[in-house]
Amino acid sequence: MPVAAVTDTPDTPSRLFRGEGLVVLDYQSIHVPGDAPIDLGGFHVLNRVSERVYLGMGAYAPLFKGEYGGFMAFDVGVHLQQPLTQRLFATAGLAAGGGGGGRSAGHSRFLSGTGGYVKGHVGLGYAFPQVSVGLNLAQMRFKDAAIDDRYANVFVQWPFAFLAGPYDAHGEALTPLEARLSAGQARENMLTLSLEQYRQRDPQGSFKGTLGTADLQYAHFFDRDTYWFAALGVGHRGRPLYNQLLGGLGQRVWLSPRTSLSAQLGVGSGGYAPDVIDTGAGLLLYPKAAAEYALSPDLGLALSAGYLTAPRGSSRNLAYGLALNYHVRPAGRAGDAAPVFRASRFSLFQQTGTNVRYGGIDRDPLQMLAAQLDTQLSERWFLPLQASVAWNAYLTYPGYGELLAGIGLQNRHEPGERVQVYGQLLAGTNPHGPAYKAGAGLHVDIGAPWSLHLSAGRIHARHSDGRRFQADSLGLGLGYRFSTPGR
């Protein structure tokens with residue numbers, strides 16, 4: 001729960017509050033009737049909303065067993081954590097989401113049914129000074145599917161904390177007290193949106209061409225130049241349903257005040273289907289180097305090259321890409337520009353696709369779990385990033401998803417106002433290839449920093465064979481609005 005920071009005097013109160021959360025990694029092996037077990041690595045980010053209650057989102061992908069490369073699932077859920085002793089604690093949680101994948105389209109339907117699933121867990125953990133470990137008893141159940149099993153999983157979790165301010169303080173200078181409180185506590189964050197090309201070497205699957213993906217990466221720096229990252233990639237050319245999820249470490253080296261080199265190693269999972277792109281069980285390794293030129297203090301343009309390999313499959317790929325980096329740099333260091341608040345907004349919502357039409361034929365509605373991050377550029381302009389995954393079948397198969405980015409315009413949020421209206425234009429990819437979407441919506445304050453998210457939009461895409469896709473969408477969910485000290 002946000003807690004107000006201390007103040008110097010009654011006349012200079014700090015607007016900063018402290019947010020807390022957990023990053024959780026887990027591993028489980030799930031029985032599949034008549035087939036090899038599917039082992040899933042999980043990655044979860046949870047935000048604390050009260051003393052023992054966390055809300056957040058997570059992702060699962062296979063690693064070592066069977067031939068499940070390309071399977072992926074995403075969810076949102078609630079997590080409870082109750083201390084039992086100074087070190088021992090109990091956990092419980094419930095999540096719901098969507099996903100799919102398998103050796104082939106037919107196997108994907110057998111494995112994950114309509115794509116929607118629920119997962120529950122209870123367990124025990126032990127807290128060390130910097131990290132906690134534990135064991136959960138869990139059940140994951142996909143609707144009308146082979147994945148329906150009770151199992152044990154192991155987890156590792158790290159706490160994190162951040163200082164934030166009110167959303168409507170965007171662009172305002174920090175007071176001397178706020179600058180002192182934030183100095184040394186914040187680290188640089190970087191959002192990267194890239195287009196990458198993977199040129200296959202001696203492909204063994206049925207797809208022999210070059211794969212194009214749209215990638216979204218978040219990086220958090222431990223110090224000035226060392227960072228960890230998480231990245232999601234979705235196909236837009238060659239195989240639009242391709243997906244991959246990677247995480248790892250990176251290092252940056254400065255060549256000049258505007259030019260830098262970076263190298264990173266990603267480990268994760270991904271693919272399409274092993275008979276099409278042979279990533280085997282799903283495990284991926286991706287070393288990559290990039291050169292960035294700063295267009296401004298916040299924006300940089302980067303060129304990258306790397307080598308993506310599936311150790312448990314035959315897929316080997318030369319990779320190259322073009323990326324736009326958006327830097328959120330900390331405030332308070334000597335010689336920096338005057339620190340100011342920089343606003344962001346994160347929304348989780350149910351998105352229903354209506355009037356769905358593909359190839360000139362009306363289709364069933366889409367039910368999607370969606371997330372959107374808005375990074376404010378000025379009082380009115382913002383950069384939206386939106387990802388969605390369906391929890392019902394589309395064209396009788398699971399796994400429909402969207403990854404979109406663009407530009408948005410909104411009215412200025414004044415202190416005391418409850419409603420903020422916005423419009424946005426997005427471009428990206430869905431299962432049919434390149435897509436674009438126009439939308440509008442509003443956020444209604446329900447008690448800072450929370451808001452009610454309401455949205456509507458229309459998406460269009462065109463498959464490589466010329467068939468067109470279109471759908472309207474309606475969204476309803478929660479928004480978390482805040483600002484962070486930056487420059």
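The structure presented is a predicted model; accordingly, all values stated were derived computationally and were not measured.
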Side chain [X], main chain [Y], donor-acceptor under 3.5 Å:
X: Thr429; Y: Gly235; answer: yes
X: Arg180; Y: Thr175; answer: no
X: Asn325; Y: Thr192; answer: no
X: Arg312; Y: Phe64; answer: yes
X: Arg329; Y: Pro297; answer: yes
X: Asp26; Y: Gly42; answer: yes
X: Thr279; Y: Ala310; answer: no
X: Gln244; Y: Gly268; answer: no
X: Asp149; Y: His31; answer: yes

Could you tell me whether the side chains of [X] and [Y] share a donor-acceptor contact shorter than 3.5 Å?
X: Asp215; Y: Thr213; result: yes
X: Ser455; Y: His453; result: yes
X: Arg52; Y: Gln82; result: yes
X: Tyr394; Y: Gln367; result: no
X: Ser451; Y: His443; result: yes
X: Gln424; Y: Lys437; result: no
X: Asp298; Y: His327; result: no
X: Trp228; Y: Gln264; result: no
X: Gln28; Y: Asn136; result: no

message: Among residues at least two apart in sequence or on other chains, which ones pass side-chain contact (heavy atoms from CB on, under 4.5 Å) with Ala371?
response: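 Residues passing side-chain contact (heavy atoms from CB on, under 4.5 Å) with Ala371: Met57, Phe346, Leu348.
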- request: Check whether any side-chain heavy atom of Pro485 lies under 4.5 Å from a side-chain heavy atom of Pro339, and answer yes or no.
  value: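 Not in contact.
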message: Just so I know, are the side chains of Phe482 and Ser344 near enough to count as touching, which here means a heavy-atom distance under 4.5 Å?
response: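 Answer yes - side chains close enough.
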task: Go through the steps for Glu196 and Lys288 under the test salt bridge (Lys or Arg N to Asp or Glu O under 4.0 Å), then give the verdict.
output: CA-CA 11 Å; Glu196 301 206 352; Lys288 181 170 73 170; 2.8 Å; yes
Atom [atom1] of [X] and atom [atom2] of [Y]: how far apart are they, to the nearest 0.5 Å?
X: Leu295; Y: Arg258; atom1: CG; atom2: CZ; value: 7.5 Å
X: Arg15; Y: Asp168; atom1: CZ; atom2: CG; value: 9.0 Å
X: Leu322; Y: Ser304; atom1: CG; atom2: OG; value: 8.0 Å
X: Leu249; Y: Thr226; atom1: CG; atom2: OG1; value: 8.5 Å
X: Tyr480; Y: Trp450; atom1: OH; atom2: CH2; value: 6.5 Å
X: Leu452; Y: Leu442; atom1: CG; atom2: CG; value: 8.0 Å

Closest heavy-atom pair and its distance - [X], [Y]:
X: Asn411; Y: Val421; value: OD1-N, 2.7 Å
X: Tyr326; Y: Gln376; value: OH-O, 4.1 Å
X: Gly99; Y: Pro398; value: O-CB, 3.6 Å
X: Leu385; Y: Ala405; value: CD2-CB, 3.3 Å
X: Tyr227; Y: Gln251; value: CE2-N, 3.7 Å
X: Met368; Y: Gly353; value: CE-N, 4.3 Å

- prompt: So, do Phe341 and His170 have ring centers that fall under 6.0 Å from each other?
  reply: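 No: the rings miss the under 6.0 Å criterion.
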task: Please test Glu417 against Arg412 for salt bridge (Lys or Arg N to Asp or Glu O under 4.0 Å), starting from the C-alpha separation and ending with a verdict.
output: CA-CA 10 Å; Glu417 287 189 352; Arg412 188 179 187 277; over 6 Å; no
task: Walk me through it: do Gln351 and Gln372 pass the test side-chain hydrogen bond (donor to acceptor under 3.5 Å, both in side chains)?
output: CA-CA 11 Å; Gln351 186 168 230; Gln372 180 165 322; over 6 Å; no
- prompt: Taking only residues two or more places apart in sequence, or in another chain, which ones meet Tyr27 in a ring-ring contact (aromatic ring centres under 6.0 Å, His included)?
  reply: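 Here no residue qualifies.
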Below 3.5 Å, can you tabulate the donor-acceptor pairs from side chains in residues 113-127 to any protein atom, sequence neighbours excluded?
from, atom 1, to, atom 2, distance (Å)
Tyr117, OH, Phe74, O, 3.3
Tyr117, OH, Asp75, OD2, 2.9
His121, NE2, His79, ND1, 3.4

message: Between Arg224 and Glu188 (salt bridge meaning N to carboxylate O under 4.0 Å), is one present in this structure?
response: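 Salt bridge between Arg224 and Glu188, a charged N being under 4.0 Å from a carboxylate O: no.
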query: Quick one: do Asp148 and Arg141 make a salt bridge, cutoff under 4.0 Å?
result: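 A salt bridge is present here (some side-chain N lies under 4.0 Å from a carboxylate O).
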- prompt: Parallel, tilted or perpendicular: which fits the ring planes of Tyr167 and His413, with parallel below 30° and perpendicular above 60°?
  reply: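 Perpendicular.
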message: A quick test of your reading: do over 12 heavy atoms of other residues, nucleotides or ligands sit less than 6.0 Å from CZ of Arg150?
response: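 It does not: Arg150 CZ has 12 such atoms or fewer within range.
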query: With a distance cut-off below 6.0 Å to the six-membered ring centre and an angular limit of 45° from the axis, does Arg345 pair with Tyr422 as a cation-pi contact?
result: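 Yes, a cation-pi geometry.
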task: Would you check, one step at a time, whether the test side-chain hydrogen bond (donor to acceptor under 3.5 Å, both in side chains) holds for Asn430 with Tyr400?
output: CA-CA 7 Å; Asn430 78 352; Tyr400 178 93; 3.2 Å; yes
